[in-house]
Amino acid sequence: MTTLLLTNARLAGASGPAVGAAAGLVDVLLDGGRIAAVTPTGAAGAGHAVVTGDVVDLDGRTVVPGLWDAHTHLTQWALVRHRLDVSWATSAAHAADLVRDRLRYAAAPAGGQPLVGYGFRWATWPDQPTAELLDAVAGEVPVVLLSGDLHSAWASTAGLRFLGIAHHPSGLLREEEWMPASPRIVTVEDDVADALVADAARAAAARGVVGVVDLEVDDNLTTWRRRVARGWDGLRVRAGVWEQHLDAVLDAGLRDGDPLLDPAAGPAATSDLVRQGPLKVISDGSLNTLTAYCFDPYGGAGHDGHDGHHGQVGHAAHGVLNVETDHLVPLMARAHAAGLRCAIHAIGDRANALALDAFAASGARGSVEHAQLLRREDVARFADLGVTASVQPEHAMDDRDVAEELWPGRTARAFPLAELRAAGVRLSLGSDAPVAPLDPWVAVAAAVTRSRDGREPWHPEQRIDVAAALAASTGGRPLHLAVGGPADLAVLDVDPLAPDADLRTMPVSGTLVAGRWTHRAL
């Protein structure tokens, strides 16, 4: 690893009209992949005299710890970046118009492959998504649209045939209808996936990202060992494991944080950037699919108290519990005994209460992923059990209107970031990409402002301050840069602690992982 000196840098929160040490400027020495020294610029005895590597003048730019996204589906995000965006559709008819326009101005996919779109949120649409609506604009071109939360899909008749579904009453596939068919859409050949993921990693690095937790629904042990053997150097990755692949991880003797090196790959597999992550379990559904498991029934127009939205049947009024407690507890205990952490998806308040019960009963350590709706007594249980709340603040901006309709009278305890922090719960921010963009500054902005697109803040009492949001995006690393810490850094054109900083569009000039540039626009 080379030695690198970043001169005339500024730490977050430091400002002043003077120059050098009087202005809070520092030199940051990186050596051996660690922060070797942080000294005032121009101070006597500054350690930069011993530098034999590169020297980069940051000209007063701000250096902060590099950012992590604590919840991604990295391959799906890489695919979505190249798919039709229907996230802004306000109705089923509007979404169909977007499909029609794409087919009008671009050639249909070759070889009978489907046109795949992404991002629709149908729960509060005034009309019903149907296969016939897509048929009218696409004809025999297969169309499959993925919902913004990945818990449902909407297909044309030809799209249903592509998925292997001969007959369906509506074309809207939810939860257990969709999941078995999803591999036909969410998987591609290894070489294609690896190239797209490498490209997505470069885009993430351009936003100051140094690492992600990858919870892709895949055999992540095999996938990431392959990528390491091929020379992966884009980001740090914590690769999660799903129950169906848990035996392979345990047979390999892997514990949380162990490098995913393939013994059969030879000397090429020497990177420690990719490490074993948590066991991932989805305990309930999602808000937009009306399957998040809640104590109270869903509200809103078209909900009759016993089935789904606009007369659709098959989902209870309280949502769906995907994994019963008597299965979840021994599964978590087994992972815990093997040295793995657990990441339990829970969105509804009843699912969160049951997830906390499972942590208590199993003795496992780890996180609840999403924690979108909580009873107030369960906020304290997070702290008592030492369970991390792995949250995605941008989901609050996406879901504020649908939450008001479907969780009436409950939204004061939806996405309760301030309450969690006040209770001493460790927060970890993420995106759930592709559900939200893989851009931690978007998450930070949503957590700090509870607002987007000029709207009034939504439950502003649940805002957290910038320093807390950044700490939740950097693994708790101090903003002042600790000597001996990893040389995983982001170089910003703007101090994020400045009162007028636009967090959502934060300009990033450079990103370093282990002292090596992964993005450089200086």
Side-chain angles (χ1 to χ4, degrees), residues 68-79 150 179-180 182-183 186-198 200-201 204 210-283 323 327-328 330-345 362 364-367 369 390 428 430 432-434 438 513:
W68 277 74
D69 189 314
H71 188 130
T72 71
H73 303 272
L74 198 54
T75 301
Q76 295 314 305
W77 169 243
L79 290 170
L150 295 180
M179 296 303 179
S182 65
V186 302
T187 57
V188 294
E189 294 181 359
D190 291 346
D191 289 348
V192 174
D194 291 354
L196 290 174
V197 168
V210 297
V212 299
V213 179
D214 183 21
L215 301 175
E216 186 72 28
V217 186
D218 193 9
D219 177 4
N220 289 317
L221 177 60
T222 298
T223 295
W224 280 106
R225 279 182 165 176
R226 180 185 71 245
R227 290 172 181 165
V228 169
R230 292 179 174 182
W232 174 263
D233 63 357
L235 302 166
R236 296 191 188 276
V237 176
R238 287 292 183 101
V241 58
W242 294 75
E243 181 180 4
Q244 60 268 36
H245 303 294
L246 181 60
D247 285 346
V249 168
L250 299 189
D251 290 345
L254 291 166
R255 300 172 66 85
D256 184 70
D258 285 350
L260 291 194
L261 305 180
D262 187 350
T270 59
S271 172
D272 66 352
L273 293 182
V274 182
R275 296 177 177 270
Q276 182 60 53
L279 169 70
K280 173 67 185 297
V281 181
I282 295 182
S283 75
V323 181
H327 180 81
L328 182 60
L331 175 61
M332 292 172 64
R334 183 180 179 220
H336 175 63
L340 297 178
R341 294 173 66 82
C342 296
I344 310 302
H345 163 119
S362 66
R365 312 295 292 176
S367 60
E369 302 295 317
S390 177
S428 189
D432 198 12
L438 203 172
V513 173

Let me see the working for V274 and R227 under side-chain contact (heavy atoms from CB on, under 4.5 Å), right down to the final yes or no. CA-CA 9 Å; V274 182; R227 290 172 181 165; over 6 Å; no
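A364 pairs by the side-chain contact (heavy atoms from CB on, under 4.5 Å) definition with M332, H336, C342, F359, S362, not counting sequence neighbours. In this structure, the ring-ring contact (aromatic ring centres under 6.0 Å, His included) partners of W224, at least two apart in sequence or on a different chain, are W232. Qualifying ring-ring contact (aromatic ring centres under 6.0 Å, His included) partners for H73, counting only residues two or more places apart in sequence or in other chains: H71.
Annotation: the span from D69 atom CG to L74 atom CG amounts to 9.0 Å, rounded to 0.5 Å. One distance of note links NE2 of H245 with CG of L279; it measures 11.5 Å at 0.5 Å rounding. Here the straight-line distance linking atom CG of D219 with atom CH2 of W242 works out to 13.5 Å at 0.5 Å rounding. Between the CG atom in L328 and the CD atom in E243 there is a gap of 9.0 Å [rounded to 0.5 Å].
Between L273 and L235, the shortest heavy-atom contact is CB-O, 3.7 Å. Nearest heavy-atom pair, A70 versus V213, reported as atom, atom and distance to 0.1 Å: O-CB, 3.3 Å. Smallest separation of non-hydrogen atoms from T75 and E216: N-OE1, 3.1 Å. Nearest heavy atoms, G240 versus Q276: C-NE2, 4.4 Å. In this structure, G234 and A201 approach most closely via the heavy-atom pair CA-CB, 4.4 Å. When all heavy atoms of H345 and S283 are compared, the pair lying nearest together is O-OG, 2.6 Å.
No more than 12 heavy atoms of other residues, nucleotides or ligands lie within 6.0 Å of CD in E189, so this atom counts as exposed by the packing criterion.
Under the 4.0 Å criterion applied to side-chain N and carboxylate O atoms, D247 and R334 are assigned as salt-bridge partners. A salt bridge links D191 and R230; the closest N-O separation between the charged side-chain nitrogens and carboxylate oxygens is under 4.0 Å.
For the pair R226 and D190, the minimum side-chain heavy-atom distance is below 4.5 Å. Counting heavy atoms from C-beta outward, T222 and R225 have side chains that stay 4.5 Å or more apart. No side-chain heavy atom of N220 sits under 4.5 Å from any side-chain heavy atom of V237. Looking at heavy atoms from C-beta onward, L150 lies out of side-chain contact with D432 at the 4.5 angstrom threshold.
Screening L340, L260, L261 against L254 for a side-chain contact (heavy atoms from CB on, under 4.5 Å) leaves a single residue, L260.
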